[in-house]
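Here is the structure we will look at.
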Amino acid sequence: MSTEPPNTESFNRQVWDLVMTVPRGRVTTYGEVAKKIGPPEGVDEAEYRAFGPRWVGTAMARCPEAVPWQRVVNSEGRISIRKGGGHLKQRALLEAEGIRFDDSERIDLDLYGWGSPPVLRQRSLFDGSI
DNA sequence: TCCTTGACTCAGA
DNA sequence: CTCTGAGCCAAGG
């Protein structure tokens, strides 16, 4: 098991359900999603820490239409590039939601991260600072 | 059968 | 900041 968890069906469903709750204009990471879900039965913590994020990525690669897949980025706050050009559409969708990318193609997770403080976001939206 | 390829992350150098 | 290795497996060419 590495690219896929023991019970792929169940794990994927959990990933999709969770991502469904990420609000418009916000992003989360593969690692954060994995952490919130926690290791499936029979998978020890160490292994899950190592592969959970990848399993989430695999799940996202197969998500249903209704899932806001564009709101999941990597731990650096960058869009993971893959073959097929999906990353280009992802960037467009995120910008359309009001998410800004800095000069190095990175999203400020303190600002747009799922769990970031509202205060920070408001101030930034107001004067463009931070 | 062998080799490549995955929507990841973190620690080290 | 960049680049590697480790973690370690299934599917397809």
Side-chain angles (χ1 to χ4, degrees):
Chain A
M1 58 184 94
S2 75
T3 54
E4 290 200 354
N7 188 338
T8 309
E9 287 280 317
S10 163
F11 188 79
N12 286 359
R13 203 166 44 244
Q14 290 181 75
V15 169
W16 299 332
D17 284 348
L18 188 57
V19 173
M20 286 274 232
T21 71
V22 179
R24 179 187 171 78
R26 298 273 221 117
V27 297
T28 186
T29 67
Y30 300 96
E32 187 177 6
V33 172
K35 194 172 182 180
K36 291 201 180 209
I37 290 176
E41 283 288 317
V43 177
D44 65 68
E45 296 228 355
E47 183 179 17
Y48 188 65
R49 263 200 308 281
F51 296 98
R54 276 170 61 168
W55 294 342
V56 171
T58 300
M60 293 316 294
R62 304 172 183 161
C63 76
E65 286 277 336
V67 181
W69 56 273
Q70 73 273 24
R71 315 220 253 250
V72 186
V73 299
N74 65 34
S75 65
E76 300 181 292
R78 290 196 166 102
I79 289 174
S80 293
I81 296 178
R82 52 255 187 202
K83 295 177 179 176
H87 54 289
L88 299 175
K89 182 177 183 183
Q90 182 170 14
R91 162 141 197 181
L93 287 172
L94 291 178
E95 289 192 305
E97 295 185 4
I99 290 175
R100 306 238 214 112
F101 288 76
D102 67 17
D103 294 334
S104 49
E105 297 296 299
R106 194 181 339 217
I107 294 170
D108 185 342
L109 293 179
D110 288 331
L111 218 54
Y112 302 104
W114 197 2
S116 67
V119 202
L120 261 182
R121 291 200 303 282
Q122 287 179 4
R123 183 142 63 92
S124 157
L125 288 175
F126 180 71
D127 64 14
S129 67
I130 306 178

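Just so it is clear, the model here is predicted, and its values are computed rather than measured. Order of the sequence lines fixes the chain letters, A, B, ..., with proteins taken first and strands second; residue numbering starts at 1 for each chain. Just so it is clear, the values below take in all heavy atoms, side chains as well, and ignore hydrogens, waters and symmetry mates.
Taking the P atom of each, C/dG13 and B/dA7 are spaced 15 Å apart, rounded to whole Å. Taking the P atom of each, C/dG7 and B/dC2 are spaced 23 Å apart, rounded to whole Å.
For the salt bridge (charged side-chain N to carboxylate O under 4.0 Å, His left out) condition, no pair includes a residue of residues 8-18 of chain A, sequence neighbours left out. Each salt bridge (charged side-chain N to carboxylate O under 4.0 Å, His left out) pair with one or both residues in residues 61-70 of chain A, not counting sequence neighbours, appears once here: A/Glu4-A/Arg62.
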Show every donor-acceptor pair shorter than 3.5 Å between a side-chain atom in residues 27-43 of chain A and any protein atom, with sequence neighbours excluded, or say none if there are none.
from    : atom 1 : to      : atom 2 : distance (Å)
A/Thr28 : OG1    : A/Glu32 : OE1    : 2.8
A/Thr29 : OG1    : A/Glu32 : N      : 3.0

Give the table of side-chain donor-acceptor pairs shorter than 3.5 Å for residues 77-90 of chain A, with sequence neighbours excluded, one pair per line with atom names and distance.
from    : atom 1 : to       : atom 2 : distance (Å)
A/Arg78 : NE     : A/Ser104 : O      : 3.1
A/Arg78 : NH1    : A/Glu76  : OE2    : 3.4
A/Arg78 : NH2    : A/Ser104 : O      : 3.3
A/Ser80 : OG     : A/Asn74  : ND2    : 3.4
A/Arg82 : NH1    : A/Ser80  : O      : 2.7
A/Arg82 : NH1    : A/Gln90  : OE1    : 3.1
A/Arg82 : NH2    : A/Gln90  : OE1    : 3.0
A/His87 : ND1    : A/Arg82  : O      : 3.4
A/Gln90 : NE2    : A/Gln70  : O      : 3.0
A/Gln90 : NE2    : A/Val72  : O      : 3.0

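Counting non-hydrogen atoms under 4.0 angstrom, A/Arg91 reaches nothing in the nucleic acid.
Qualifying salt bridge (charged side-chain N to carboxylate O under 4.0 Å, His left out) partners for A/Arg106, counting only residues two or more places apart in sequence or in other chains: none.
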Item to check | B/S/- contact track for nucleotides 7-13 of chain B, protein heavy atom under 4.0 Å | outcome: BBSS---
